[in-house]
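Below is one structure, written out as structure tokens; comments come after it.
Protein chains get the first letters and strands the later ones, always in sequence-line order, with residue 1 at the start of each.
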Number of protein chains: 2
Amino acid sequence: MTDDLAFDVFARGCASRVTLEHVTGRWGSLTLGALYEGSFRFNELRRRVDGVSEKMLAQTLHALERDGLVHRDAQPVNPPRVDYRLTPLGRDVAERLVGLITLVEGRMPEVVAAREAYDSGRAAPAG
Amino acid sequence: MTDDLAFDVFARGCASRVTLEHVTGRWGSLTLGALYEGSFRFNELRRRVDGVSEKMLAQTLHALERDGLVHRDAQPVNPPRVDYRLTPLGRDVAERLVGLITLVEGRMPEVVAAREAYDSGRAAPAG
DNA sequence: CAGTATCCTGCAGGATACTG
DNA sequence: CAGTATCCTGCAGGATACTG
């Protein structure tokens, strides 16, 4: 019974699935990664989050803000100035995310070796 | 300078980006989560990974196997029997993934509260 | 600057049928 | 059982133009 918990928790936990997708999704993870470095304005983020479009960055930031991971600080000046930064919750999440990323990064030699073994096994099967 | 490292590492590290997407993607994360519980056959996994199609499970397992995260054990019997389980590398990655998931799961009350605050702020702005 | 609105397209991924 | 092959569709997400 107990060994089902860890899995069930994210296979069925629908509300958290949505948040998890915001966190681990392509733009979500990159945005959290960028904000882990500090506070940035919208267009600074656009430059940091390589390849993101205006639309997707806006959409991503809304999702993360709504989930309480990112704080949006809009200063009532002209021209507008809006700063984004992680909330304490966002920082905790980003920390774990960066930990996962760092682990995978550090193990890429193993991954690359596995890929080569896999590909050569396929190219010349059974030998 | 040093504060750029953690971010650059995954913004630009293309090879790892691909692996990261396998790990954090919808079916990849669920499959790793399932295999974190133990070893399973193809159709057992289909039942455990809720909502996955044959095609996507096959595709996901290939990617994870090629990355060296999952081991495929095909026994030469009839009818065929194939067991999938995590490699040591896969286990390390799944551990961090489950850690991230567990963190988000545990903090969902905060997320839900943030959403309610966000939504009511939108419904009745400035108040 | 910090976005929103609209249009459009490629491809993730589902459904279905078939195979060793 | 453990897949592969084919067809098809919805929507993620890009491009472009516009706004407070």
Closest of C:dG14, C:dG3, D:dG20 to the B:R26 side chain is C:dG14

Atom CG of B:L57 and atom C1' of D:dC1 are separated, to the nearest Å, by 13 Å

Testing D:dC1, C:dA2, C:dA15 for proximity to the side chain of B:K55, the answer is C:dA15

Ranking C:dA2, C:dG14, D:dC1 by distance to the side chain of B:N43, first place goes to D:dC1

Checklist line | Under-4.0 Å side-chain N/O to phosphate OP1/OP2 contact, B:R46 with D:dC1 | finding: no

B:H22 NE2 to C:dA12 P, in whole Å, measures 10 Å

- Task: Report yes or no: is the cationic atom of B:R41 (NZ for Lys, CZ for Arg) under 6.0 Å from the centre of the six-membered ring of B:Y84, at an angle within 45° of the ring normal?
- Result: no

Closest of D:dC1, C:dG14, D:dA17 to the B:M56 side chain is C:dG14

B:E44 atom CD is separated from D:dA2 atom P, nearest whole Å, by 8 Å

message: Is there a side-chain contact between B:H62 and the phosphate of D:dG3, meaning an N or O under 4.0 Å from OP1 or OP2?
response: no

Among the nucleotides D:dC1, D:dG3, C:dG14, whichever has the atom closest to the side chain of B:P79 is D:dC1

Atom CG of A:N78 and atom C1' of C:dG3 are separated, to the nearest Å, by 14 Å

Side-chain contact check for A:R41: nearest option of C:dG14, C:dA2, C:dT16 is C:dA2

Taken to the nearest whole Å, CG/B:D83 to P/D:dA2 is 8 Å

*Counting only N and O atoms by type, is there a donor-acceptor contact under 3.5 Å from the side chain of B:T87 to the main-chain atoms of B:L69?*
yes

Separation of C:dT16 atom C1' from B:E54 atom CD, nearest Å, is 10 Å

When rounded to whole Å, the CD to P distance for the pair B:Q59 and D:dT6 reads 15 Å

The Watson-Crick or G-U wobble partner of D:dC11, with both key distances under 3.5 Å, is C:dG10

Per atom distances to the B:A58 side chain, the nearest of C:dC1, D:dG3, C:dT4 is D:dG3

No-hydrogen, no-angle side-chain donor-acceptor test under 3.5 Å, B:T102 and A:R96: no

Looking only at D:dG13, C:dG13, D:dG3, the nucleotide nearest the B:F42 side chain is D:dG3

Kindly determine whether A:D73 and A:V82 satisfy side chain to side chain contact (heavy atoms under 4.5 Å, CB included), including the steps that lead there.
-> CA-CA 5 Å; A:D73 182 21; A:V82 181; 6.0 Å; no

Taken to the nearest whole Å, CG/B:L61 to P/D:dG3 is 7 Å

Is B:Y84 close enough to D:dC1 that one of its side-chain N or O atoms is under 4.0 Å from OP1 or OP2 there? no

query: Is there a side-chain contact between A:H62 and B:Y118, using heavy atoms and a 4.5 Å cut-off?
result: yes

Against the side chain of A:S53, the closest entry in D:dA2, D:dC7, D:dG14 is D:dG14

Scanning both residues in full, the closest heavy-atom pair of B:S39 with B:E44 reads O-OE1, 4.4 Å

Pairing partner of C:dA17, by Watson-Crick or G-U wobble and under 3.5 Å for both distances, is D:dT4

